[in-house]
Amino acid sequence: MNNIVRESAGELRALGRNALGKYWKEVAVIIVIYEAIMMLIPSLIATAVPSMISTYDIYGTTVRVSSFPGLYDFVLGGVMLLGLYTFMLMLCRTRQFHREHLFSGFNHFLNAFLTWALMDILIGIGFALFIVPGVILFLCYSQALFILADDPTKGPIQCLRESREMMMGNKLSYLAMNLSFIGWAIVAGIAIGILGGVIGMIAPSLFSSDVGSAIWNFITSILASGLIAYILATDTMFYELASGHLVKQSNFSRYDGSRQGFGPQGGGWNNQGPQNFGQQNYGQNGKGWNVPPQQGWAPGNAQQRPAQPYQQPPQQAPQNWYEPPAEPEAPTYPQQPETPVEPAPPAEPVQPEAPSEPKGPFEA
């Protein structure tokens, strides 16, 4: 399914921040665990396998490169990334934090490995053809593992094909979204570079050994884990929009990135998620979504449930974002019971006047 993402890079980043919400630190910890598995462990193992280390002389500088981390990433990269995407989709859709989803990719090892391997081969061939085709292929297949996380029963070819169809008309939006993080990356790089210079003056031997370099690279990933979590959440929300799982209400012109949630009670967005996320039978009666609307996502399938209108605009919002809320009614107070009035005493009967005597003819 192809849905054109018309949100700007700033709006997509706001959705990413909103998706993280109060779980920003927890997601950063998950990123650190992921980097430890995918960066620190293979680097340390590479130092223990000297037969896989090659030495190159580049402009008078000796560079030692091991082929083990690349082989390690080729085998486990797709599996771990599938688990990371599954974790983020569950967090964004249900607002629930489950660390064990990080390793859920091992339950679908073959599909994850083949999808990742095909992506590596196709994108590598593209980069070999003057780089630009590689960038295009990377954009085309960027959503393949998200699609596999949504439904692990799909095969690698189907995931790649659906990703290519999903990105038709969305490549520039996705590229602009990722390029919008360059400023943050430069700031983080300068800060880490300054810290590295200070550490290099204090302990210069840290960078002279392979183990020390591996540890320093892992430390930099820890320092950048918050930014990586931010980028990952934004990528997840891009997939939700491109796949049609998240749609904007028709009577809602913009969203407020500061609100916690996206559903009918949280900023004008309505979730149209699949009936069976990841074949794990989440939700009510094992189907669909199981999230209270006040937490941000509308439960159920939008095809069976009409989109609910926006009900609760945020306070102090600019007037040109939403229709102004109705003025609150004046408070009513209970009325005091009235004091009963005593009945008036009955009036005395009026005596009729006696008839007057008739006057004579000579009386005045």
Side-chain angles (χ1 to χ4, degrees), residues 7-44 46 63 65 69-70 72-73 77 80-81 83-85 87-89 91-92 97 99 102 123 127 131 134-135 138-139 142-143 145-146 172-239 257-258:
E7 283 67 31
S8 65
E11 291 173 333
L12 292 170
R13 291 198 308 271
L15 283 174
R17 293 192 302 270
N18 203 16
L20 288 174
K22 65 179 181 180
Y23 294 107
W24 199 303
K25 294 180 180 178
E26 288 81 357
V27 175
V29 172
I30 293 296
I31 296 297
V32 171
I33 296 174
Y34 174 84
E35 294 292 348
I37 296 174
M38 296 305 300
M39 179 186 295
L40 181 62
I41 291 178
S43 297
L44 294 177
V63 179
V65 179
Y72 183 93
D73 180 79
M80 290 301 300
L81 198 57
L84 187 61
Y85 286 170
F87 167 81
M88 287 303 302
L89 286 174
L91 177 64
C92 294
F97 184 81
R99 296 180 180 87
L102 178 61
I123 295 173
F127 274 105
I131 300 177
V135 174
F138 167 76
L139 296 174
S142 59
Q143 308 302 306
L145 286 175
F146 274 116
L172 291 179
S173 298
Y174 187 75
L175 180 62
M177 180 195 71
N178 283 277
L179 292 178
S180 68
F181 288 100
I182 288 180
W184 290 100
I186 292 175
V187 173
I190 293 174
I192 293 174
I194 294 174
L195 179 61
V198 173
I199 295 177
M201 290 187 295
I202 298 175
S205 60
L206 177 64
F207 303 101
S208 61
S209 63
D210 295 335
V211 175
S213 299
I215 294 175
W216 171 246
N217 291 334
F218 178 63
I219 292 175
T220 59
S221 68
I222 295 176
L223 298 176
S225 59
L227 177 59
I228 298 173
Y230 185 13
I231 297 173
L232 179 61
T234 306
D235 280 347
T236 304
M237 300 315 296
F238 181 91
Y239 168 76
S258 64

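From a predicted model like this one, the values you see are computed outputs, not experimental measurements.
Note that CD1 of I37 and CD of E35 are 10.0 Å apart. Values are rounded to the nearest 0.5 Å. Between the CD1 atom in I31 and the CE atom in M88 there is a gap of 7.5 Å [rounded to 0.5 Å]. We find the CG-CD1 distance between L195 and I219 to be 8.0 Å, quoted to the nearest 0.5 Å. Atoms CD1 and CZ, on I215 and F218 in that order, are 10.0 Å from each other to the nearest 0.5 Å. In this structure, CZ in F181 is found 14.0 Å from CD1 in I186, a value given to the nearest 0.5 Å.
Side chain of N217 to backbone of S213: a donor-acceptor contact under 3.5 angstrom is found.
Residue L172 qualifies as open at atom CG: its count of foreign heavy atoms under 6.0 Å is 12 or below. The number of heavy-atom neighbours closer than 6.0 Å to CD1 of I131, taken from other residues, nucleotides and ligands shown, is 12 or below.
Shortest non-hydrogen contact noted between Y174 and N178 is O-ND2, 2.8 Å. Of all non-hydrogen atoms in F87 and L102, the two that sit nearest each other are CB-N, 4.3 Å.
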Got a list of side-chain donor-acceptor pairs under 3.5 Å for residues 222-238, not counting sequence neighbours?
| from | atom 1 | to | atom 2 | distance (Å) |
| --- | --- | --- | --- | --- |
| S225 | OG | I222 | O | 2.8 |
| Y230 | OH | R17 | NH1 | 2.7 |
| T234 | OG1 | Y230 | O | 2.9 |
| T236 | OG1 | L232 | O | 2.9 |

> Can you check side-chain contact (heavy atoms from CB on, under 4.5 Å) on Y72 and M38, steps first, answer last?
Replying inline: CA-CA 8 Å; Y72 183 93; M38 296 305 300; 4.1 Å; yes
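Put simply, the side chain of I192 reaches to within 4.5 Å of the side chain of W216, judged on heavy atoms.
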